[in-house]
Amino acid sequence: MSHTHSRTRTSKLLSLLLMTLLLAGSHSASLSQSGKPWGWGSIYYGQVGNGVSGSQYNAPVTLTANVFNIVQVATGNYHTMFLKADGKVLACGYNHSGQVGNGTTIHQSTPVPVVGLTGVTQVAGGQEQSYALKSDGTVWAWGGNAYGELGNGTTTDSLTPVQVQGLTGIVQIAGGTYSGLAVKSDGTVWIWGGSTTVSVSSKIPGLSGVVHASRGWNHYLFLKSDGTVWAMGNGSYGQLGGGSNTDASAPQQVLGLSGVLQVVAKQDDSLAVTSDGTLWRWGANYYGQ
């Protein structure tokens, strides 16, 4: 095997890891190459989805109950979503605000269908919210809405999916703490939530050419088509990569990174994989992360 081919394979594997290994506040989930979902960590609300709650797993366990043909998994704070190949969505876990999307507020220890959702191409989790991108470029949300996280112009929770207003032509979505995020086909980024006065989506000024966005606890990462990474939000731990611990209200370029393929914003730190097969991380290190 040539070194070039080896580096390309490594880059793809690292990028796949970042896209499928989803770390939330309580638990983690991943999707194997065969399409089998795995989960580990806290399962106090059944968020791992194997029918058990009130404990935790220190090693991955496979999910078996009515979970077939899965193409993506996404985690919220205490809940998990599963996107099926047919465009339908299942969810399980903590359901106090209706984030499981089955029309109830009963916690679910096995995956149940999200009511009324079809044609979905991507799912994302928030604090107590869930998000879905449909093949027609529209975005749908359900769950807690105290800070306008559902983007429908209200602050009323919804137990079933509602459409995020003013969004069309969306190609990628992300959820985070009290807000949602979406990338349009024209490379602009749109955000909603975080305040009762921002309950509908608005464009982030001065940002273009974006192909992927990720939301951490209180910061954002934006990957541009030229392979550069930009960041904004809380910078207390250096998670913005600008060489300081200063917050940024507008996007600023992450220093020293080029040829980036994928980015992930976590709680107080950030990750990126580059085309040469290396993985980069910056920000908080209080747990050696």
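The structure presented is a predicted model; accordingly, all values stated were derived computationally and were not measured.
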Item checked: Partner set under ring-ring contact (aromatic ring centres under 6.0 Å, His included) for Y131, not counting sequence neighbours -> W192

Taking the side chain from [X] and the backbone from [Y], do they hold a donor-acceptor pair closer than 3.5 Å?
| X | Y | value |
| --- | --- | --- |
| Q108 | N95 | no |
| W282 | Q239 | yes |
| N245 | G238 | yes |
| R215 | A265 | no |
| Q165 | N152 | yes |
| Q129 | G144 | yes |

Considering all heavy atoms of both residues, which atom of [X] and which atom of [Y] are nearest to each other, and what is their separation?
| X | Y | value |
| --- | --- | --- |
| A182 | L167 | CB-CD1, 4.1 Å |
| E128 | Q99 | O-CB, 3.4 Å |
| N77 | Q127 | CB-O, 3.2 Å |
| A146 | D157 | N-OD1, 4.1 Å |
| A74 | A124 | CB-CA, 3.9 Å |
| P161 | L117 | CG-CG, 3.7 Å |

Margin query: Using the rule that Ile, Leu, Val, Met, Phe, Trp and Tyr join whenever any side-chain heavy atoms are under 4.5 Å apart, tell me whether V123 and L133 fall into a single cluster.
Written below: no

Margin query: Hydrophobic cluster membership, with links at side-chain heavy-atom distances under 4.5 Å among I/L/V/M/F/W/Y: are V115 and V100 in one?
Written below: no

Item checked: Cation over ring face, K266 and W217, 6.0 Å, 45° -> no

Margin query: Test ring-ring contact (aromatic ring centres under 6.0 Å, His included) on H79 and Y94; report intermediate values, then the result.
Written below: CA-CA 5 Å; H79 69 289; Y94 188 67; 8.5 Å; no

Item checked: Shared-cluster residues of V162, by chain and number - hydrophobic side chains joined below 4.5 Å -> L150

Going from [atom1] on [X] to [atom2] on [Y], what distance comes out if it is rounded to the nearest 0.5 angstrom?
| X | Y | atom1 | atom2 | result |
| --- | --- | --- | --- | --- |
| L207 | W230 | CG | CH2 | 8.5 Å |
| L83 | L90 | CG | CG | 9.0 Å |
| Q262 | L223 | CD | CG | 7.0 Å |
| S202 | I191 | OG | CD1 | 7.0 Å |
| L240 | L221 | CG | CG | 8.0 Å |
| Q267 | N218 | CD | CG | 9.0 Å |

Check: Any side-chain heavy-atom pair from Q172 and L181 closer than 4.5 angstrom?
Finding: no

Margin query: Please determine whether side-chain contact (heavy atoms from CB on, under 4.5 Å) holds for the pair W142 and T160, giving the CA-CA distance in whole Å, both sets of side-chain angles, and the decisive distance to 0.1 Å.
Written below: CA-CA 6 Å; W142 59 100; T160 56; 5.8 Å; no

Next item on the list: For T188, enumerate each residue passing the side-chain hydrogen bond (donor to acceptor under 3.5 Å, both in side chains) test, keeping only those at least two apart in sequence or located in another chain.
Entry: D186, W190

Checklist line | Enclosure of K88 NZ (heavy-atom neighbours >12, cutoff 6.0 Å) | finding: no

